[in-house]
Colleague: 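Encoded as structure tokens, here's the structure I'll be asking about.
The structure displayed is predicted, hence computed values, not measured ones. Residue indices begin at 1 and follow the sequence shown.
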Amino acid sequence: SGWMEGYDMAMGIHTPSSSIIGSYWKDCYEVISRCNVLIANIDRVDMDASQKAIYQAEAKTIRALMYINLTMTYQDVPFLTAPLTIDEAECEKTDRAAIVAHVMTDLQDAAEVLPQNASSRGHITKGAALSLLGRVALYNEKWDDAIAAYKQVQGLGYSLDPSYAKLFTQSGETSPEIIFAVRYEGPGMSEGAAFNAHWNTPLEAMNGTIDLADAYYCKDGKPTTDTKIAELNGGGGLDVSKPNPAHFENRDPRLYSTLFVPGMLWNGKGGIDTSASNPYANVYGGAAASLSTVYVYKYFDSTDTSNSWDNGQDFYVVRYAEVLLSLAEAMVQKGGYVYSDVTALVNEVRQRADVNMPTVEEVEGTSLSKDELLEVIKHERRVELAFEGLRLFDLYRWKELDKAVANIENERTMYGLAYEARKFNGERDYVWPLPTAELDTNKKLVQHDLWKKCGVQVFITGYTDCHKEVGGK
């Protein structure tokens, strides 16, 4: 709905003045500023030189993550590696390629300094720096660099957790799969998490899509053939108040750790009670009917009835599963790969103990083309890494945002769902505009070419005309 910060972008009606455009920029640069202050001033601290070097390497790694995110959204941005003076407060953009090159060097240098094992949870390790090096190389089509970085991570002792179901709970935070996490401590410590807060039911503001739910194939590794998602309403669309739990049965077990689907229980609430006057009263775990029949479930603790707004659940920045799938993608994109080497990486992710989905060879076959193999990897990334902050960047770099928007629109119209209409505005939607507030205060900044016309139109007529001008509908 409109009150949520990412609403404009989700609908395809965002402008340089949209809240998410300004807040994401501000938050990234706040972190960068803190890192730069530490790097510049740590020599003033009376501390062992080797420990200083580690802290500087940690700061460079965190700063690198911020620039990875900024270059994947705004592309060319100001590149700051030291605290700014008043005279330097206005600064120009730096070309994305130059930022990426510097970031890769920083991460390589940091990996040389950082320990393989952290001194305590929350500190950054060699594996985190190398994983981010692989990520930025993958995002910028530097296949050899990505492969080299990820293969180094493979040799550092990480492994997949046997339980995907446990992984996204507080008991899974010490798993050997977790390479880099944002640490939270709660409740009552002023360090708690709220990204997974709820009111003792699935969070009604976070609906999943049927398209994502059905991307979790049946246990035989093939898409479901069941078409009855819910009863039909009088207009021929889905009556989401009467979903069909059987549609979601016998699926890839990762579905039930990612989405709350009809048939699941939320702290004992859920399912269909055929003896009740309204058998569907609690089918959504006590929540109102989902707009799509499914809610987001990953990271949510349905047993936490008192501290969900101040809990200790960490958010994972990098997991070993991402490393394996990214390595597989880089190998295929580079070409000259050994087929079984690539499928072994995908199979390792599919066959963790409590998932145990069929191998590529068993379902897709032993002679897929390069493009077919890439589609397998893309699908695996989607179902394995859903809601972990990677999907949007995947859609950007694969140039598949248009397909994702079309899928949601097709779902809305085909099933008669109460989604708000979304639009895709062409190439412009693969880059974020520079925030209006930054352009107003920094005269050296220049808006991205694809958004210059939009900026003028926003000033004159507001963003409805703006979107018409840049190709929206």
Colleague: Answer yes or no for Lys298 and Phe168: cation-pi contact, defined as NZ/CZ to six-membered ring centre under 6.0 Å and angle to ring axis within 45°.
Modeller: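 Relative to the ring axis of Phe168, which defines the angle, Lys298 lies inside both limits.
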Colleague: Indicate yes or no for a side-chain donor-acceptor contact from Glu372 to the backbone of Ser369 under 3.5 Å, with no hydrogens or angles considered.
Modeller: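 Checking the backbone N and O of Ser369 against the side chain of Glu372, a donor-acceptor pair under 3.5 Å is found.
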Colleague: Please tell me whether Tyr316 and Tyr299 form a close aromatic pair, meaning their ring centres lie under 6.0 Å apart.
Modeller: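 Yes, they do, as the ring centres are separated by less than 6.0 Å.
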Colleague: Is any side-chain heavy atom of Tyr164 less than 4.5 Å from a side-chain heavy atom of Pro253?
Modeller: no
Colleague: Using the six-membered ring wherever Trp is involved, compare the ring planes of Tyr67 and Tyr29 and label them parallel, tilted or perpendicular (cut-offs 30° and 60°).
Modeller: perpendicular
Colleague: Using a strict threshold of under 4.0 Å (side-chain N to carboxylate O), is an ion pair present between Lys26 and Glu30?
Modeller: no
Colleague: Side chains of Ser326 and Arg381: do they bring a donor and an acceptor to under 3.5 Å?
Modeller: yes
Colleague: Roughly how far, to the nearest 0.5 Å, is the NZ atom of Lys93 from the CG atom of Leu445?
Modeller: 7.5 Å
Colleague: Passes salt bridge (Lys or Arg N to Asp or Glu O under 4.0 Å), Asp214 versus Arg251? Steps please.
Modeller: CA-CA 9 Å; Asp214 284 350; Arg251 298 292 193 91; 2.8 Å; yes
Colleague: Is there a donor-acceptor contact under 3.5 Å linking the side chains of Asp429 and Asn425?
Modeller: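 The criterion, which ignores hydrogens and geometry beyond distance, is satisfied for Asn425 and Asp429.
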Colleague: List the steps, then state whether salt bridge (Lys or Arg N to Asp or Glu O under 4.0 Å) holds for Asp394 with Lys378.
Modeller: CA-CA 9 Å; Asp394 283 351; Lys378 289 178 181 180; over 6 Å; no
Colleague: Can Asp252 and Lys219 be counted as an ion pair, charged N to O under 4.0 angstrom?
Modeller: no
Colleague: Does either side chain, that of Tyr24 or that of Glu5, offer a donor lying less than 3.5 Å from an acceptor on the other one?
Modeller: no
Colleague: Does Arg121 pair with Asp314 as a salt bridge, N-O distance under 4.0 Å?
Modeller: yes
Colleague: Please assess Tyr284 against Glu204 for the test side chain to side chain donor-acceptor pair (under 3.5 Å), listing each intermediate value before the final yes or no.
Modeller: CA-CA 10 Å; Tyr284 290 107; Glu204 294 175 7; over 6 Å; no
Colleague: Between Gln447 (side chain only) and Leu434 (backbone N and O only), is there a donor and an acceptor less than 3.5 Å apart?
Modeller: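 Flag set: sc Gln447 to bb Leu434 pair under 3.5 Å.
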Colleague: Should Glu384 and Arg352 be marked as a salt bridge (Lys or Arg N to Asp or Glu O under 4.0 Å) after you check the CA-CA gap, both sets of side-chain angles, and the distance that decides it?
Modeller: CA-CA 11 Å; Glu384 172 69 26; Arg352 78 167 77 222; 2.9 Å; yes
Colleague: Do Glu380 and Arg254 meet the salt-bridge criterion of a basic N to acidic O distance under 4.0 Å?
Modeller: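 Salt bridge present between Arg254 and Glu380.
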Colleague: Tell me, do Val360 and Leu368 make a side-chain contact under 4.5 Å, heavy atoms counted?
Modeller: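 They are in side-chain contact.
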Colleague: Going from CE on Met9 to CZ on Arg422, what distance comes out if it is rounded to the nearest 0.5 angstrom?
Modeller: 13.0 Å
Colleague: Distance only, no hydrogens: is a donor on one side chain within 3.5 Å (strictly under) of an acceptor on the other, for Asn140 and Arg397?
Modeller: no
Colleague: Between Glu177 and Leu167, is any pair of side-chain heavy atoms under 4.5 Å apart?
Modeller: yes
Colleague: Side chain to side chain donor-acceptor pair (under 3.5 Å) for Asn207 and Ser290? Distances and angles first, verdict last.
Modeller: CA-CA 6 Å; Asn207 295 258; Ser290 164; 2.7 Å; yes
Colleague: Under 3.5 Å, is there a donor on one side chain and an acceptor on the other for Asp95 and Gln75?
Modeller: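 Judged by distance alone, the side chains do not pair up.
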Colleague: Give me the ring orientation class for His198 and Phe300: parallel if the planes are under 30° apart, tilted from 30 to 60°, perpendicular past 60°.
Modeller: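 His198 and Phe300: tilted rings.
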Colleague: Exactly one of Trp266, Tyr256, Phe248 should register a ring pair (Phe, Tyr, Trp, His ring centres under 6.0 Å) with Tyr297. Which one does?
Modeller: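 Looking at Trp266, Tyr256, Phe248, the match for Tyr297 under the ring pair (Phe, Tyr, Trp, His ring centres under 6.0 Å) is Trp266.
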Colleague: Please test Asn347 against Thr359 for side chain to side chain donor-acceptor pair (under 3.5 Å), starting from the C-alpha separation and ending with a verdict.
Modeller: CA-CA 5 Å; Asn347 293 340; Thr359 66; 4.6 Å; no
Colleague: Return the minimal non-hydrogen interatomic distance between Val349 and Ala321, and the atom names on each side.
Modeller: CG2-O, 4.2 Å
Colleague: Rounded to the nearest 0.5 Å, how far apart are CG of Leu133 and CG of Asp109?
Modeller: 10.5 Å
Colleague: Got a donor-acceptor contact below 3.5 angstrom from the Asn407 side chain to the Ala404 backbone?
Modeller: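 Here the side-chain-to-backbone pair does not exist.
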Colleague: Closest heavy-atom contact between Leu203 and Tyr295?
Modeller: O-CD2, 3.4 Å
Colleague: Which atom pair, heavy atoms only, marks the closest approach of Leu291 to Ala418?
Modeller: CD1-O, 4.0 Å
Colleague: Under a 3.5 Å threshold, yes or no: a donor from one side chain and an acceptor from the other, between Asp301 and Thr303?
Modeller: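 Note: Asp301 and Thr303 side chains meet the donor-acceptor criterion.
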Colleague: Grab the two heavy atoms, one from Leu417 and one from Ser292, that are nearest each other, plus how far apart they are.
Modeller: CD1-CA, 4.5 Å
Colleague: Give the C-alpha distance, both sets of side-chain angles, the deciding distance and a yes or no for salt bridge (Lys or Arg N to Asp or Glu O under 4.0 Å) between Arg412 and Glu409.
Modeller: CA-CA 5 Å; Arg412 178 179 70 87; Glu409 278 298 285; 2.7 Å; yes
Colleague: Are the aromatic ring centres of Trp432 and His448 under 6.0 angstrom apart?
Modeller: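 No, too far apart.
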Colleague: Say you draw a straight line from CG of Leu385 to CD of Glu322; how long is it, rounded to the nearest 0.5 Å?
Modeller: 6.5 Å
Colleague: Would you call Lys334 and Asp144 a salt bridge, using N to O less than 4.0 angstrom?
Modeller: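 The answer is yes: the pair qualifies as a salt bridge.
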Colleague: Please round to the nearest 0.5 Å and tell me the distance separating atom CG of Leu345 and atom CD of Glu329.
Modeller: 12.0 Å
Colleague: Salt-bridge test for Asp220 and Lys222: reply yes if a basic N is under 4.0 Å from a carboxylate O, no otherwise.
Modeller: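 Looking at Lys222 together with Asp220, the answer is no, because their closest N to O distance does not fall below 4.0 Å.
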Colleague: Looking at Ser131 and Tyr150, what are the two nearest heavy atoms and their distance?
Modeller: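 Scanning both residues completely, I find the closest heavy atoms to be O-CE2, 3.7 Å.
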Colleague: Are the aromatic ring centres of Tyr217 and His379 under 6.0 angstrom apart?
Modeller: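 So the answer is yes for these two rings.
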Colleague: For the ring pair Tyr430 and Phe424, is the centre-to-centre distance below 6.0 Å?
Modeller: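 Here the rings of Phe424 and Tyr430 have centres that are less than 6.0 Å from each other.
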Colleague: Can we call the ring centroids of Phe315 and Tyr184 under 6.0 Å apart?
Modeller: no
Colleague: Between Leu373 and Thr343, does a side-chain contact (heavy atoms from CB on, under 4.5 Å) hold up when you go through it step by step?
Modeller: CA-CA 9 Å; Leu373 201 48; Thr343 59; 4.2 Å; yes
Colleague: Output yes when Glu191 and Arg183 qualify as a salt bridge under the 4.0 Å nitrogen-oxygen rule, no when they do not.
Modeller: no
